[in-house]
Amino acid sequence: MNYDFRKIEEKWQKFWADNQTFKAENHSDKPKYYVLDMFPYPSGAGLHVGHPLGYIASDIYARYKRHKGFNVLHPMGYDSFGLPAEQYAIQTGQHPADTTKVNIEGGVDKEGNKIEGYRKQLDRMGFSFDWSREVRTSDPKYYKWTQWVFIQLFNSWYNKDTDKAEAIGSLISKFETEGNAAVNAVCDDETSIFTQQDWKNYSDTEKQQVLLKYRLTYLADTEVNWCPALGTVLANDEIVNGVSERGGHPVIRKKMTQWSMRITAYAQRLLDGLNKVDWPQPLKDSQTNWIGRSEGAEVTFPILAFPEGEGTTPGYMTGGNNSHLLLEKAKKLRNNPAQAEAALWESLKGKNLGDKFRRQHLIDDFIVDFVCLSKKLIVEVDGDIHDTQKAEDEARTKALNERGFEVVRFRNNQVLGDIDAVLQEIKEILVKKSIPPSGARGISVFTTRPDTIFGVSFMTLAPEHDLVAKITTPDQKAEVEAYVEATAKRSERDRMADVKTITGAFTGAYAEHPFTKEPIPIWIGDYVLAGYGTGAVMSVPCGDQRDYDFAKHFNIPIPNIFEGVDISEEAFSDKATTVIANSDFLNGLNYKEATTKAIVELEKLGQGEGKINYRLRDAVFSRQRYWGEPFPVYYVEGMPQMIDEKYLPIKLPEVEKYLPTETGEPPLGNATVWAWDVEKNEVVSNDLIDHKTVFPLELNTMPGWAGSSQYFNRYMDPHNEDAIYSPEAINYWQDVDLYIGGSEHATGHLLYSRFWQKFLFDRGVAPKDEFAKKLINQGMITGTSALAYLIREDNKEHFVSRNWYNKLVSDLSDPSKEKMVPPDTADFEDILKRLTDGTTEVSTWMPIHVDVSLVNASDELDIQAFKNWRPEFKDAIFTLDNGEIYKGINPTSGKPGGEFIVSREVEKMSKSKYNVVSPDAICEEYGADSLRLYEMFLGPLEQSKPWNTAGITGAHSFLKKLWKLYFEESGIKVTDEAPSAESLKTLHKTIKKVEEDIENFSFNTSVSTFMICVNELTAQKCTSRSVLEPLAILVSPYAPHIAEELWAQLGHSESIATAPFPKFEQKYLVESSKEYPISFNGKMRFKLELPLDLSKEEIEAEVMAHEKTQAQLQGRTPKKVIVVPGKIVNVVG
RNA sequence: GCUCGAGUGGUGGAAUUGGUAGACACGUUGGACUUAAAAUCCAAUGGACAUUAGUCCGUAUGGGUUCAAGUCCCAUCUCGAGUACCA
C-alpha cells in the first residue's frame, strides 16, 4: 500500500466537513481554550504560501489542545471591507460585494480569470476551523453590531474620577445639577465652563454641541491627513513615511468635519494594560512608543504686548521668602488637622472639584488652610477662636488679597453641619474664577524639562498656531505671513524630508519669563509641530539640540545653565548628569530636584503645573469611501442623530458610481435612496428630504479597522440577532487565549481593538479589559526570486548563465586577475571584449525576474518555456553554464546542450517579481500534510524566512517513511507484539520533546524530532501497536490527514481529533550508563562509556586509568580534573 | 538619530541552568537498483594539513571572566524591524 495523499486528504476533509468535527459548543465540562488567527482580507490574488504560516501554527496548537482535553474555539472569517475591492469597482463597475463574494467563495472574475476562492484554498490545507461561526465584516448581519458599538461610543463619556467610560445620561444629569466646572472628564480642549443655569438656558442644538465635546465618538473640525489621489482621509497608522500606506500617494493636512474616536481617554490604560498581557516585547514597545507618554509641565508665558491691545500682563507674585520654620509648621499642621479640616480635605483633594487644592500651604509668610493655586483661591476653616482675632484675620485677608488671592472663610460648624453647601459655594467661586483658555492670557507650552526654565532665551510657535496672527507686530507682519504661507505649501513629506534646513521668522512680540520677568522674543518655526503638545515650545538652546540649531542660525543668545558643561559646540541634554546653574532657586539641583522645585514654584505663580502628555491622537473615524460600514447617523440642523438600535443595520445604499461626486462629496453622495424617515424609521429616497420628518444620512463610511475591532468576541455568538453576543457566551469564552497574526498590526488593529475592548468592559458588555492573553507574531515568508542576467545592446539581447555572470563580474572588478576567456563562442567573446574595453559597463547587466515555476530545484531554467512566457525574448541569445550557446532542444536526446542556471535572491513575495508560490500547487504535488510540516520546519515561527520549494521533498519523504512504518506492500503491518525497550525509549523521548516544543511554539524543532523518531523506529523495525498508535496522535496536530487515516486503519471508528495526547513516562528513559565526553583543557578528545551511579572519584579514577588519557597527557600530571556526573569530564593540565 | 532584534557550514536552521558546536533537512558528490528517468536505498559532506591514527583552525570582529563560552561581561562592525523635528 502506497501513501496516496491525494485520496487521503480529500477523504478526511470531506469527513470533517460532513461530521462537523471541529464545531465548538458554548458549554462544556471541558476547560475552554480560544485560539484565534487574524482574519484575512480576501484579495483577488488568492493566498500564497506565506499566508497560511500563522494559520498552520494556530491549527497545530488548537488540535493539540483538543488532544489535551480542552473545548477549543478556533474560528475563521473575513475582513471583507476594504480598498482593493472598491478600486476594482471603480475600474470595472462591478459591485464590491460581488467581487468580494467571488474572492471568498470562488468563481470567475470579469476578465474571465478563474478564482479559486479563499475558502477552498483554506479547506485544502486541512484546518480545524469551526466554519459554522464564520463572520464577514461586510455582511449587514455582522456590521449591524459594528454600528451598534459606534452608537454606544456616541452615548458615552469618559469620567476621569472613576477612570472609566460612563453613559452620557450621567453627564447630562451632572450638567443639570451643577454645570460642568467640577466635571472631570476627557473632552475637547476648548470646552468652556458653564453653570447649571447656563445649561438650562441652552437651546437643544447648543446642548448637543456641548455634549459632542464629551462623547467618546464625536464630530469635529479636525486637521486630517487628506490623500487627494485616494480621495479620502487616512489615520496616522495608515501613513508610512509621509505617503499613503496603500499606493504610496502624497498626503496633505486639511481641516475637515470628521468623526473621531476619543482613544486618548484610554492612553494611560492602554499603556498599563500592556503589563497584563503576554505579547511580544517589540510589539509592546511599538504601542508604548505610539502612545508616547511624556511627563513634564505645562507652563504659561504671559505675552508682554498685544499689538491690538487685546490683553495686558496679568498680575502675579514673586517667588517669596519661604522660611524652613514655616514649612515645618505647615507640615505639622497637615499631620494634625482639625475635624472640620479633615472632612473638607476629603472633598477637596485629588481634584475632586476639578481643580487641585493644597492644604496647610505657605503663601509668603502665611500658612493657609487650603489653596487652589491655579485659581488663586484660599479657603480657610475657622474655629471659635477666630471670634477673638477678627482684626488679625482681616489684616491677613488683606495681605493675601494684595498678593492676588481671594480668601473665603467658613466656620467649623458650617463644614461639619452641611458640607455640601460649603462645597457648592467653593465650586461656584471656582467657576467664576475660571481662567479663559490659555491663548488669551499668554502662550502655553509643554516641556519635559521645567528644570531648564532659566535657560529659555526665546519661544517658538508652530506656524499654524492660532496666536501667530494676533501677536505679530506690524513691522514683522510681511515676513511672518510669507513664512506661514511657504510652510503651508510644503507637503508633509517635504517637511519631513528636509529636517536639516532651519527656517523660521520673528514675530516681533515678546513674552515674559515667569521668574526673571525678562522679555523673551517669540519666533515661529516649522520644527515645532502644531499637532503635539500645545503647538508652542519654550526654547532652551543650551539643553535641546533643535533649539540650539535654531538659535545659532538666527543669532539668538544661548545662555548656559548647566554646571561645568561646555555648550560651545552642541546642546547638553543628559538628564542623569545635569546640575543646574545660573538659575536662581534651582542652582545646584539635579534634574529631578530642579524639575519638582520648578513645578512647585510655577504652581505658586499660577503659571504652570505638572502635566503628562501623550503623543497619541484621537483617531479619525470617517472615510470618504463606498466599501465600508455606513454610519447609523442622520442630521437635524447640522447636528448628528443616532438611529435607534432597533432599526439596525443601516445597509449600504446602491450607487451608480463608486467615485466621489462632482461636488466633492464622498461616494455615498451618489446614492439616491439615502435619507432617514424618523416616522417610518427606514431609509427613503433623497427626494423626500424635508428636514421635518425626513433627514439626510451621513455620507462617510467607517474605516477598515472598525470591523476588526470586535470580531474576536462576535465569534463567540456569531448568529445572535438580539445582541452583539450573549452574556452567557462571553462569560463562557471570556477572551482569546492565543492570538496569532502579523506584527504590522501593532499600532492599528491591535491598539484600536484594545481600546474598544476596554470601552465595552467599562460599559459592562465584555468581562475582560484585555481581549487576548497571549499573542504571537508570525514572521513573513519571503520569496526566492529567480533572476536571469541580461545584457541588452543594439537590439541584441544576451542572457548569461549564473556561473559566467559571476565570473565576468568578479574578474572585471579585480584588475589583477587574468581575464577569463570563455569557450569558443564568438558572441561571448564579443561581450567580454566590450565589457573589458569599457564600451559596456558591468552595471548595465539587467536582472530579469523569471517565473519561479520555470526553474527546477537545481536552479535550471526551462529556456523554451521561458521564451513562450516572455515572447519578447524569443530571439535572445542564451549562454549556458558550459559556455555554449543554447541552440534549442536536441531532437535526439531531448535535452538542451547544457544548463542555464539562474541566480537567486530573497525578496518579498509579489506578483511583479514572479516569485509567488501558491499553496494549491504545493498541495497538489505534495499534499497538505507535507506543506504544513514543511512550513513549520522552515524555522522559528516568529522569524522571517525565505521559501524554497525544493526543500519540501524532505517533509514529503518523512511522511512516506512514516507511512511505511505502518504499511508494507500487502497492507497493514502493525502487530500487537510488545515493543522493544529501545522503541519505547524512542517514543517517550519524542512525546516529551514534542509536548515541550508545542508549549513553547517551537514547531520547527518538533518536526525534526518526528523525523528522528521515524528514522529510529524504522531502524528498529518497530511494528508494535503500543508504539505506533501514540505516534499517530503525536503527529496528528501537524499532519492531520495522514494521522486520521493511520488511526482509522488501526481500527478506530472515531476521529483522532479528540484522542487523548500520549502520556510521557520517565521510566522508559532511565539510563544506567552515559557516554562521557572526556575533554582536555576544554577540548573534547574522546568518549568513554561509564555507569551513571559512579561517584566523582570513581569517574576520575576510570578516566585517569584510560590509555587515551595517558596518551593525551604525554607524561604530564594534570593540575585538576573537573567531573560533572552525568555531563562531562574535563582534565586540566 | 532613538528603541528593539539578529549575526553559526553551500542553504534553512539545531544546540536545557555556560558542559560533545553544526541535530534535522535541503543541496552537492559518489555508489546501488533501472534500457533510461523518476522514486527508493547506501555512503561522504565546516575548513586546512595528513588521509592510518591524528593535528590545527572554526559560531561577525577585538578583548575579558571561567576548569569550560555560540551561550556571560565590555568595546566595535554589519544587517533587519519599528519610529522619527514628540519639546
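Just so it is clear: chains get the letters A, B, ... in the order the sequence lines come, proteins before strands, and each one is counted from 1.
A:Tyr527 and A:Phe550 have tilted rings, their planes meeting at an angle from 30° to 60° on a 0 to 90° scale. Using a 30° and 60° split on the angle between ring planes, A:Trp963 and A:Tyr3 fall in the tilted class, from 30° to 60°. Taking the six-membered ring for Trp and thresholds of 30 and 60 degrees, A:His988 and A:Phe1064 have ring planes inclined between 30 and 60 degrees apart.
Closest to the side chain of A:Lys960, from the set B:A39, B:C85, B:A21, is B:A39. Counting only heavy atoms from C-beta on, A:Asp285 has its side chain closest to B:C4 among B:A87, B:U20, B:C4. Minimum atom distance to the side chain of A:Pro946 is reached by B:G12, of the listed B:A87, B:A68, B:G12. Residue A:Thr1005 has its side chain nearest to B:A14 when only B:C85, B:A14, B:U20 are considered. With distances taken from any side-chain atom of A:Lys1120 to the nucleotides B:C85, B:C67, B:A87, the minimum falls on B:C67.
A donor-acceptor contact closer than 3.5 angstrom links the side chains of A:Ser1006 and A:Tyr1038.
Side-chain nitrogen and oxygen atoms of A:Arg615 include at least one within less than 4.0 Å of the OP1 or OP2 phosphate oxygen of B:A84. Contact between the side-chain N/O atoms of A:Ser294 and the OP1/OP2 oxygens of B:A87 is found at a separation under 4.0 Å. Between B:G13 and A:Gln943, a contact under 4.0 Å exists linking OP1 or OP2 to a side-chain N or O. Between A:Lys1083 and the phosphate of B:C57, there is a side-chain N or O to OP1/OP2 separation shorter than 4.0 Å. Under 4.0 angstrom from either OP1 or OP2 of B:G12 there lies no side-chain N or O belonging to A:Asn1004. Within the structure, a side-chain polar atom (N or O) of A:Arg1085 is placed less than 4.0 Å from OP1 or OP2 of B:C56.
Nucleotides B:G5 and B:G18 have their C1' atoms positioned 23 Å apart, rounded to a whole Å. Across the C1' atoms, B:A69 and B:U20 are found 14 Å apart, a figure rounded to whole Å. Across the P atoms, B:G30 and B:G13 are found 29 Å apart, a figure rounded to whole Å. To the nearest whole angstrom, the two C1' atoms, one in B:C79 and one in B:G31, are 42 Å apart. Here, B:C24 and B:U45 have their C1' atoms 15 Å apart, quoted to the whole Å. If you take atom C1' in B:C41 and the same atom in B:G47, they sit 30 Å apart, rounded to whole Å. Using P as the reference atom, B:U66 and B:U55 are 27 Å apart when rounded to the nearest Å. As rounded to the nearest Å, B:C33 and B:A43 have C1' atoms that lie 15 Å from one another.
Atom NZ of A:Lys985 has 12 or fewer neighbouring heavy atoms from other residues, nucleotides or ligands inside a 6.0 Å radius.
Note that CZ of A:Phe1003 and OG1 of A:Thr1009 are 13.0 Å apart. Values are rounded to the nearest 0.5 Å. In this structure, the separation between CZ on A:Arg293 and CG on A:Leu270 is 13.0 Å, given to the nearest 0.5 Å. Between A:Leu938 atom CG and A:Leu53 atom CG the span is 7.5 Å, to the nearest 0.5 Å.
Along RNA chain B, the nucleotide nearest A:Ser743 and the nucleotide nearest A:Gln281 are compared for position; the residue whose nucleotide lies closer to the 5' end is A:Gln281. Take the nearest nucleotide of RNA chain B for A:Met1084 and for A:Val537: the residue whose nucleotide is more 5' is A:Met1084.
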Next on the checklist: Can you build the contact string for nucleotides 24-30 of chain B? Use B for base contact, S for sugar-phosphate-only contact, and - for no protein heavy atom under 4.0 Å.
Outcome noted: BSS-S--

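Rounding to whole angstrom units, NZ of residue A:Lys945 and C1' of B:U11 are separated by 15 Å.
Syn is the conformation of B:G9, whose glycosidic angle sits no further than 90° from 0.
A:Glu924 has a carboxylate O that lies under 4.0 Å from a charged side-chain N of A:Arg6, or vice versa, which qualifies the two as a salt bridge. Using a 4.0 Å cut-off between charged side-chain N and carboxylate O, A:Glu1100 and A:Lys1096 make no salt bridge.
Two residues are said to be in side-chain contact when any heavy atoms from C-beta on lie closer than 4.5 Å; A:Leu751 and A:His745 fail this criterion.
Taking the six-membered ring for Trp, A:Trp523 and A:Tyr483 have ring centres at least 6.0 Å apart.
Taking a pair as Watson-Crick or G-U with both hydrogen-bonding distances under 3.5 Å, the stems of three or more pairs touching RNA chain B are B:1-7 with B:77-83, B:10-12 with B:24-26, B:27-32 with B:40-45, B:46-49 with B:54-57, B:60-64 with B:72-76.
Using a 4.0 Å cutoff on non-hydrogen atoms, no part of residues 987-1001 of chain A comes near RNA chain B.
Between A:His1106 and A:Leu1088 the shortest heavy-atom distance is CD2-CD1, 3.6 Å.
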